[in-house]
Every structure is written in C-alpha cells, then in structure tokens.
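Residues: numbered from 1 along the sequence shown. Since this is a predicted model, take the numbers as computed values, not measurements. In each ligand, atom 1 is the first atom listed, and ligand 1 is the first ligand listed.
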Amino acid sequence: MSRRTLGLAAAAIGAGGLGYYWYQSQAPKKFVARPIVVCGPSGAGKSTLLKRIFAEYPDKFGFSVSHTTRKPRAGEVDGKDYHFVSKEQIVKDIAAGLFIESAQFSGNYYGTSFAAIQDVLNNNKSPILDIDMQGVKILQSQLQKGEAKLSPKPLFVFLAPPSVEELERRLTGRGTESAESLAARLNAAKAELAWGLGKDNGIDKLIVNDDVEKAYTEMKAAFGL
Ligand SMILES: Nc1ncnc2c1ncn2[C@@H]1O[C@H](COP(=O)(O)OP(=O)(O)OP(=O)(O)O)[C@@H](O)[C@H]1O
C-alpha cells in the first residue's frame with residue numbers, strides 16, 4: 001500500500017471512528033421499563049410534570065391499578081378502575097406484605113399491591129409511583145431487607161420547589177386548599193424538603209422545579225428518555 005493509500009485508509013478509519021462517536025452521542029438512550037418513584041412536597045409540581053410525561057409517552061409509562069374495599073360506582077370496571085376486594089382479603093394481604101402502601105379513608109381501605117406494579121412492568125411500561133415521604137422510607141427499608149417484591153429496583157426521584165415561599169405561592173395559586181390544609185401542607189413540606197435535600201436518603205435524582213420546561217427536560221433525562 002502506498003503512503004498515500006495508507007494515509008487515506010487512516011483518514012477513513014478516523015472518520016469512521018468519528019462517525020461512530022457521532023452515532024453514539026446522537027442515538028437515543030435505550031428506554032428500559034422500571035418502577036419510578038416520584039416524591040416531593042405537596043405543590044412541588046409532581047402532577048404537572050407527570051401529566052406531561054403520560055401525555056407525551058403513553059406507551060412507556062403507566063399507573064398501577066389500586067385496590068379498594070369501597071363499592072364500585074356505576075361504570076367502574078373491576079381490574080381497570082380498581083381491584084375491588086373485601087375488607088377481610090385486603091387486611092390479610094396487607095399483613096402478608098403484598099402491598100407497597102395502603103391507607104384508610106372514610107371507612108374504606110385503599111392500597112397499591114406489588115402485583116399491580118408488576119402488571120404494568122409486564123406490559124413493558126414503567127409504573128410511576130407518586131408516594132409520600134413516609135411511603136418512600138418504608139419502601140426503601142423493605143428493599144434493603146429484601147422484602148419488597150419489586151424488580152428491577154426503582155428509580156427514586158425527588159421533586160423540590162425552589163423555596164418554601166414559592167411553594168406557598170403555588171399552593172395558594174392552585175386554589176385547592178383551605179387555610180387549614182395549606183398550613184398543614186406547608187408544615188409537612190418543610191420536613192419533606194429537609195429530607196429530600198439532605199444526604200443518604202436513597203434519592204437517585206433531585207430535580208428543582210423552578211422552571212417547568214427545565215424541570216421537565218431533567219425529568220425526561222432521569223427517566224431514560
Ligand atoms: N415550575 C413551576 N412554576 C410555577 N408554577 C408551577 C410550576 N410547577 C407547578 N406549578 C403550579 O404549582 C401548583 C402545584 O403543582 P402540582 O399540583 O403539580 O403539585 P403536586 O406536587 O402534584 O402537589 P400534590 O402533592 O398536592 O398533588 C399548580 O397550580 C401548578 O400549576
């Protein structure tokens with residue numbers, strides 16, 4: 001091979017390498033379905049951002065179907081709107097550790113089972129879990145002890161407002177809270193924020209929602225989009 005041909009070959013290999021590098025950096029990241037926990041104080045913007053995610057990527061994300069002991073309302077379908085179960089059944093299943101979270105409201109039980117989350121994963125979608133700080137702590141401790149029936153391991157995202165003052169402005173602006181509820185939410189928010197912004201809380205990604213577009217872009221990147 002002449003020196004000129006060698007030079008051309010080296011240039012071609014170099015260009016090929018560059019091309020490969022360009023392809024790698026341009027190629028979309030591979031989306032892998034996994035549970036995603038989104039937490040953060042009330043008013044941080046969880047619903048706002050998650051609504052956008054679901055609207056833009058309906059085939060990649062899903063909510064799990066909750067269980068309830070309340071009676072179905074007209075038009076509600078068992079297994080679609082809720083898994084309608086008896087009180088005896090849910091109490092037994094909660095005790096057996098089959099639920100990631102559960103709560104009682106006005107005499108009825110509500111909860112999210114690990115199986116319901118698995119159903120979403122089986123459809124190759126990432127289940128998104130919007131749970132509070134207490135729920136996150138319980139889940140993390142279950143995961144550590146190997147008790148949580150959740151695989152792959154969830155991604156934990158904490159959404160923070162830029163400040164408590166701004167959070168108060170947004171909650172007031174949302175117009176959904178009474179003075180009492182606002183005070184309770186702000187009180188809880190301060191504790192949640194201290195935890196979310198602190199160290200060793202098991203949070204994989206902290207997103208500060210000062211600007212919706214910026215926060216949305218960061219959320220998409222964290223979700224592998
Ligand atoms: N970056 C932002 N800048 C200004 N306002 C925002 C921003 N993000 C959200 N908001 C507004 O703040 C209010 C609270 O947001 P949102 O309801 O999404 O919070 P949330 O975290 O889902 O609260 P909750 O846990 O109580 O359901 C809404 O009125 C929303 O429009």
Could you identify the single nearest non-hydrogen protein atom to [atom] and state the distance to 0.1 Å?
| atom | answer |
| --- | --- |
| atom 19 (O) of ligand 1 | Gly45 N, 3.1 Å |
| atom 1 (N) of ligand 1 | Asn209 OD1, 2.8 Å |
| atom 14 (C) of ligand 1 | Gly43 O, 3.6 Å |
| atom 10 (N) of ligand 1 | Arg170 CD, 3.8 Å |
| atom 18 (O) of ligand 1 | Thr48 OG1, 2.5 Å |
| atom 22 (O) of ligand 1 | Ser47 OG, 2.6 Å |
| atom 25 (O) of ligand 1 | Lys46 NZ, 2.9 Å |
| atom 26 (O) of ligand 1 | Ser42 OG, 2.6 Å |

Other residues, nucleotides, ligands: >12 heavy atoms within 6.0 Å of Lys153 NZ
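Buried by this count: over 12 neighbours within 6.0 Å.
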So for atom CD, which belongs to Glu180, do other residues, nucleotides or ligands contribute more than 12 heavy atoms lying within a distance under 6.0 Å?
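Check fails, neighbour count at 12 or below.
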Answer side chain, backbone, both or neither: which part of Ala215 comes under 4.0 Å from ligand 1, heavy atoms only.
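Within the 4.0 Å criterion, Ala215 makes no contact with ligand 1.
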Residue portion contacting ligand 1 (non-hydrogen atoms closer than 4.0 Å) for Asp210
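Backbone only; the side chain of Asp210 stays clear of ligand 1.
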Are the side chains of Phe31 and Asn124 in contact, using a 4.5 Å heavy-atom criterion?
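The answer is no; the side chains never approach within 4.5 Å.
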Could you check if a side-chain atom of Ser126 sits within less than 4.5 angstrom of a side-chain atom of Pro35, using non-hydrogen atoms only?
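With C-beta onward as the side chain, the pair stays apart.
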Atoms in ligand 1 with a heavy atom of Pro41 nearer than 4.0 Å
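It comes down to these atoms of ligand 1: 21 (O).
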Can you list the atoms of ligand 1 that are under 4.0 Å from a heavy atom of Val212?
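Those qualifying, in numeric order: 1 (N), 2 (C), 7 (C), 8 (N).
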When you compare ligand 1 with Ala44, is there at least one nitrogen or oxygen pair between them that comes in under 3.5 angstrom?
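N/O-N/O distance below 3.5 Å exists for this pair.
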Basic-acidic side-chain contact under 4.0 Å: Lys71, Glu76
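Looking at Glu76 together with Lys71, the answer is no, because their closest N to O distance does not fall below 4.0 Å.
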Between Arg52 and Glu213, is there a side-chain N and carboxylate O pair less than 4.0 Å apart?
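A salt bridge links Arg52 with Glu213.
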Working note: Tyr110 + Ser66, criterion side-chain contact (heavy atoms from CB on, under 4.5 Å); need CA distance, chi angles, decisive distance, verdict.
CA-CA 7 Å; Tyr110 293 82; Ser66 299; 5.8 Å; no
How far apart are the C-alpha atoms of Phe84 and His67, what are their side-chain angles, what is the distance that settles it, and do they pass the ring pair (Phe, Tyr, Trp, His ring centres under 6.0 Å) test?
CA-CA 6 Å; Phe84 294 100; His67 283 61; 9.8 Å; no
Decide whether the shortest distance between a heavy atom of Pro161 and an atom of ligand 1 is less than 4.0 Å.
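It does not; every heavy atom stays at 4.0 Å or beyond.
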Can you tell me if Asn209 uses its side chain to pair, donor with acceptor, with the backbone of Ala215 under 3.5 Å?
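No.
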What about Leu49 and Val38, same hydrophobic cluster or not, with Ile/Leu/Val/Met/Phe/Trp/Tyr joined at side-chain heavy-atom distances under 4.5 Å?
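Yes; Val38 is reachable from Leu49 via cluster members.
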Considering Arg185, Arg169, Arg174, which one's heavy-atom position lies nearest to atom 28 (C) of ligand 1?
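Nearest option to atom 28 (C) of ligand 1, by heavy atoms: Arg174.
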